[in-house]
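What follows is a short report on a single structure.
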Amino acid sequence: MTSRPRLRFAPSPTGPLHLGGARTALYNWAAARALGGDFLLRIEDTDRARSTDESLRIILEGLRWLGIHWDEGPDVGGDRGPYLQTERLDIYARYAERLIAEGFAYECFATPEEVDEGRQRLQAEGKRPMYDRRHRDLSDDERAALRAERGPGSLRFRMPLDQEWTLPDLCKGDVRVNLAELDDWVMVRPDGMPTYNFACVVDDLEMGITHVVRGEEHLMNGFKQAVMFDALGATAPLYAHIPLILGKGGKKLSKREADVNILDYRAKGYLPDAVFNYITLLGWSYSGDQDVFTRDEMLAKFRIDDIGKSGSKFDEEKLRWMNGDYVRRLDRAAFVDAGRPYVGDALPAAAFDEQPGFVANVFACYQERVELLSELAERVGWVLGEGVELDEAAQKNLAKHEDAKAWLAGYADVLEASGLPASYPADRAAADAAFALPSAADRPGPDAPPCDGPAQLEASARAFCDERGIKFGHFVHPVRAALTGTNKGPGLFDCVFLLGKERAVARLRAQA
RNA sequence: GUCCCGUUCGUCUAGCCCGGCCUAGGACACCAGGUUUUCAUCCUGGUAACAGGGGUUCGAAUCCCCUACGGGAUACCA
């Protein structure tokens, strides 16, 4: 048992990668990395009717977005491929033959109706409804006759009858079941296509899988698979059947409560690291008092058997908070890069390339004000454009003091005479380089400023107020309203600075 | 119905394996203050939980049993 740890994520491409699948992949990946082993991706596409290339594409993209990388898989290859089950049919056929020859599998010719009828009879007797094993002990002659009459049957696994089996589960502990409770399950369909349990065992064996983390809906499959490993004279991997992710009501996640596709979170403005961190926490904890951690920190502590035993509910509010936290920690350049795809028309693409300093200053003012990157688009819009429309709160602030309009007119004159930098798209490179927003009182300005910065602007505004006997606290609100159209946002003089002289003066006069 | 798993603040959880350090800790949310020209950030404080019942023990969130509730499985789906 000194074999190298090998784990896998084995999605079936019948839909997008959802939250639960992403978490399963994440735990397998983390365990592989923490154990210093390999992580591979295998595609379980034996359900041909429901598998699509599009789903496969989306799943891979979702995993990549989360930063989960695999060492072997359908796209990157590897020594134990192919990694698509439909390309491994000959391997399954070989195993099927062997299992038949050794008496572990038998052909069953029962029609679906017959199987169902047997199930109902069992249920009526108060027993577990399952295949009634009617063709389990047919003689060779009987089998030949049925095959001649009905064509090829399905291949079933001959489960040991009336035998207790203990499955050591890394998450749940030892689970004990009488194998008589389990079906003689179908391994191969009449058309030759293997079913999940069979292909899974063959692949886990052939690919040298040592640990399997998967949803607890597979717990009973764990028994079926372990028994087959035993029949093959092999040791089953260590299983960890982890609880499902639930919705608010404790039921399965509904589409209302969570997005079905992990990539929808990207579209909504979440950072992959935040989503990664959050879903890791759904069933595992880093420590008693820290829930934000890096991947390296996680890998240093991650252990499969520390995954919780009870189901957890998805709470997007906490995810949002965590995303805000990650956004705030980004350095300025990373924040601009991350946010760029989300600003839409609020800032022209040219601005990013031609006046990165200006864009960085605009972004910087919002870094601690957004939780989702997608909020950027509407928040930042006021910085450019000919004018702004005042929202309700802004209109109120403007109307609060009867002298407000006079203040705006007067202040417009002050700004016009000031050393305020020009409005974008004029070249503001020197100004934006000199003053890194958001401005802070405890940060001194440059020694030889090329223009007025927020601090000078504030000083001149205060002087203007003193001169006219205006309370500064009263002055600030109508000015903000006229300039930005809202009553919230970055520091007022950061706003003035970003707006630049022409735009600031024009907006003040428009409301005066 | 049958089999299996689970149950600590509203939510995610720490503690449980190896009983006493638990007057049960942290985080989100919420409430109240503070900082601030607004908003946000940030800081301080607060509300709030061991599902219920029996044991075992000097002592139980921690061990055992029962009940209730929740979830999963019961497919030629994975």
Side-chain angles (χ1 to χ4, degrees), chain A residues 10-12 14 44-47 49-51 108 110 112 115-116 119 122-131 153-156 167 169 171-173 175-178 180-183 185-191 193-197 199-200 214-221 223 241 243-244 246 248-252 278 281-292 305 308-315 317-322 324 328 365-371 379 393 397 438 441 458 461-462 472-477 479-481 484 486-493 495:
Chain A
S12 61
T14 53
E44 313 218 319
D45 56 348
T46 55
D47 183 349
R50 295 195 303 146
S51 297
C108 162
V115 172
D116 197 51
R119 250 196 288 272
L122 253 16
Q123 179 151 28
E125 294 170 19
K127 294 179 187 155
R128 277 177 74 71
M130 60 174 111
Y131 169 62
S154 52
L155 194 65
R156 287 181 182 270
L167 190 72
D169 190 289
C171 180
K172 308 274 189 193
V175 184
R176 209 172 153 72
V177 140
N178 190 325
E181 302 288 345
L182 270 16
D183 251 308
W185 48 280
V186 172
M187 294 164 47
V188 183
R189 303 170 172 108
D191 67 0
M193 192 59 75
T195 62
Y196 165 71
N197 281 302
C200 185
R214 76 219 317 186
E216 69 182 347
E217 72 268 25
H218 287 298
L219 185 55
M220 290 303 152
N221 289 330
F223 286 89
H241 291 99
L244 276 14
L246 281 3
K248 277 258 186 278
K251 305 279 185 202
K252 258 192 173 146
Y278 178 75
L281 241 22
L282 250 24
W284 184 80
S285 74
Y286 175 76
S287 72
D289 55 12
Q290 183 184 340
D291 25 356
V292 178
D305 33 335
K309 296 179 189 341
S310 55
S312 38
K313 295 171 188 157
F314 174 70
D315 178 15
E317 250 180 324
K318 185 156 184 176
L319 207 208
R320 271 184 88 107
W321 164 79
M322 189 170 280
R328 272 171 251 132
C365 287
Y366 284 92
Q367 192 158 0
E368 62 184 29
R369 273 171 252 263
V370 298
E371 285 187 320
R379 298 291 194 83
N397 279 343
E458 177 169 349
R462 283 185 188 275
F472 188 67
H474 292 162
F475 167 81
V476 123
H477 300 289
V479 174
R480 171 184 295 283
T484 72
T486 77
N487 63 339
K488 46 186 80 156
L492 180 56
F493 300 99
C495 291

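Lettering of chains follows the sequences in order, A, B, ..., and the numbering in each one begins at 1.
Heavy atoms of A/Pro490 sit under 4.0 angstrom from at least one base atom. Among the atoms of the strands shown, none is found under 4.0 Å from any heavy atom of A/Ala124. Using a 4.0 Å heavy-atom cutoff across all strands shown, A/Asn487 reaches at least one base atom of the nucleic acid. Using a 4.0 Å heavy-atom criterion, one finds that A/Gly491 contacts the bases of the nucleic acid, with or without backbone contacts as well. Heavy atoms of A/Leu122 sit nowhere under 4.0 angstrom from any nucleic acid atom. In this structure, A/Leu219 reaches the sugar-phosphate backbone alone: every heavy-atom distance under 4.0 Å involves primed, P, OP1 or OP2 atoms, never a base. Using a 4.0 Å heavy-atom criterion, one finds that A/Asn221 contacts the bases of the nucleic acid, with or without backbone contacts as well.
What separates CG of A/Asp305 from P of B/C16 is a distance of 14 Å, to the nearest Å. Protein atom CZ of A/Phe472 is 12 Å distant from nucleotide atom C1' of B/U36, rounded to whole Å. A straight line from CD of A/Glu371 to P of B/C28 spans 11 Å, rounded to a whole angstrom. Atom CG of A/Asn197 and atom P of B/U74 are 10 Å apart (whole Å). Atoms NZ (A/Lys309) and C1' (B/G70) sit 17 Å apart, rounded to a whole Å. Atom pair A/Phe493:CZ and B/U36:C1' shows a separation of 13 Å (rounding to whole Å applied). Computed from coordinates, the A/His241 NE2 to B/C5 C1' distance equals 11 Å when rounded to whole Å. In this structure, CD of A/Gln367 is placed 14 Å from P of B/U41, rounded to the nearest angstrom.
Listed nucleotides B/A14, B/U37, B/U41 differ in distance to A/Ser285; the shortest reach to its side chain belongs to B/A14. Checking B/C4, B/C5, B/C76 against the side-chain heavy atoms of A/Met220 singles out B/C4 as nearest. Checking B/U38, B/A75, B/G6 against every side-chain atom of A/Ser310, the shortest atom distance belongs to B/G6. Of the candidate nucleotides B/A73, B/U37, B/C12, B/A73 has the atom nearest to the side chain of A/Arg128. Each of B/A73, B/U74, B/C4 was ranked by its minimum atom distance to the side chain of A/Val175; first place goes to B/C4. Closest approach to the A/Val177 side chain among B/U37, B/C39, B/C4 is made by B/C4 (side chain taken as heavy atoms from C-beta onward). With distances taken from any side-chain atom of A/Glu181 to the nucleotides B/U74, B/C3, B/C76, the minimum falls on B/C3. Taking the side chain of A/Glu368 as heavy atoms from C-beta on, and the options B/U37, B/U41, B/A78, the nearest nucleotide is B/U41.
Look at B/C16: it lacks any Watson-Crick or wobble partner with both distances under 3.5 angstrom. Base-pair partner of B/U7: B/A68 (Watson-Crick or G-U wobble, both distances under 3.5 Å). Base pairing annotation: B/U57 forms no Watson-Crick or G-U wobble pair, as no partner gives both donor-acceptor distances under 3.5 Å. The pairing partner recorded for B/A48 is none, the criterion being a Watson-Crick or G-U wobble arrangement whose two distances lie under 3.5 angstrom. Partner assigned to B/G1 is B/U74, using Watson-Crick or G-U wobble distances below 3.5 angstrom. Across every strand in view, B/C39 sits unpaired, with no contact that passes the Watson-Crick or G-U test at under 3.5 angstrom.
A distance-only check finds a donor-acceptor pair linking the side chain of A/Lys309 to the backbone of A/Cys171 [under 3.5 Å]. A/Arg128 places no side-chain N or O within donor-acceptor distance of the main-chain N or O of A/Leu122, the cut-off being under 3.5 Å. Judged purely by atom type and a 3.5 angstrom limit, A/Thr195 uses its side chain to pair as donor or acceptor with the backbone of A/Val186. Here the side chain of A/Asp183 pairs a donor or acceptor atom with the backbone of A/Tyr131 at under 3.5 angstrom. Put simply, the side chain of A/Arg379 gets close to the backbone of A/Arg369: a donor and an acceptor are under 3.5 Å apart.
Taking atom P on both B/G33 and B/A24, the two are 27 Å apart, rounded to the nearest angstrom. To the nearest whole angstrom, the two P atoms, one in B/A78 and one in B/C17, are 41 Å apart. Look at the P atom in both B/A40 and B/A29: the space between them is 12 Å, to the nearest Å. Of the P atoms belonging to B/G34 and B/G26, the separation is 24 Å, rounded to the nearest Å. B/C31 sits 34 Å from B/G71 when the C1' atoms are compared, rounded to a whole Å. One P atom belongs to B/G19, the other to B/C28, and the distance between them is 33 Å to the nearest Å.
For the pair A/Asp315 and A/Lys318, the salt-bridge criterion is not met [side-chain N within less than 4.0 Å of a carboxylate O].
Between A/Phe472 and A/Phe493, the ring-plane angle classifies as parallel under the 30° and 60° cut-offs.
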**Q.** Evaluation steps, side chain to side chain contact (heavy atoms under 4.5 Å, CB included), between A/Leu244 and A/Glu216
**A.** CA-CA 7 Å; A/Leu244 276 14; A/Glu216 69 182 347; 4.1 Å; yes

Q. Could you walk me through whether A/Leu167 and A/Lys172 pass the side chain to side chain contact (heavy atoms under 4.5 Å, CB included) check?
A. CA-CA 10 Å; A/Leu167 190 72; A/Lys172 308 274 189 193; over 6 Å; no

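With sequence neighbours left out, A/Arg320 forms a side chain to side chain contact (heavy atoms under 4.5 Å, CB included) with A/Tyr270, A/Glu371, A/Leu372, A/Glu375.
Distances shown here put a side-chain N or O of A/Lys313 below 4.0 Å from the OP1 or OP2 atom of B/U11. A close approach under 4.0 Å does occur between a side-chain nitrogen or oxygen of A/Arg156 and OP1 or OP2 of B/C76. In this structure, A/Ser12 does not reach the B/C77 phosphate: none of its side-chain N or O atoms is under 4.0 Å from OP1 or OP2. Residue A/Thr46 places at least one side-chain N or O under 4.0 Å from the OP1 or OP2 atom of B/A78. Taking 4.0 angstrom as the limit, A/Arg379 places none of its side-chain polar atoms (N or O) nearer than this to OP1 or OP2 of B/C39. Distances shown here put every side-chain N or O of A/Ser312 at or beyond 4.0 Å from the OP1 or OP2 atom of B/C12. An OP1 or OP2 oxygen of B/A78 is reached within less than 4.0 angstrom by a side-chain nitrogen or oxygen of A/Arg189.
For A/Val186 and A/Leu319, each mapped to the nucleotide of RNA chain B holding its nearest heavy atom, the one lying further toward the 5' end belongs to A/Leu319. Ranked by how close their nearest RNA chain B nucleotide is to the 5' end, A/Arg50 and A/Gly473 are led by A/Gly473.
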Sort me out a list of protein N/O and nucleotides 23-27 of chain B N/O pairs below 3.5 Å, or just none if empty.
unit_1, atom_1, unit_2, atom_2, d
B/G25, N2, A/Gly288, O, 2.8
B/G26, O2', A/Asp289, O, 3.4
B/A27, O2', A/Asp291, OD2, 3.0
B/A27, O2', A/Lys318, NZ, 3.3
B/A27, N3, A/Lys318, NZ, 3.2

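Closest heavy-atom contact between A/Arg480 and A/Cys495: NH1-SG, 4.2 Å. Closest heavy-atom contact between A/Met193 and A/Asp191: N-OD1, 2.9 Å.
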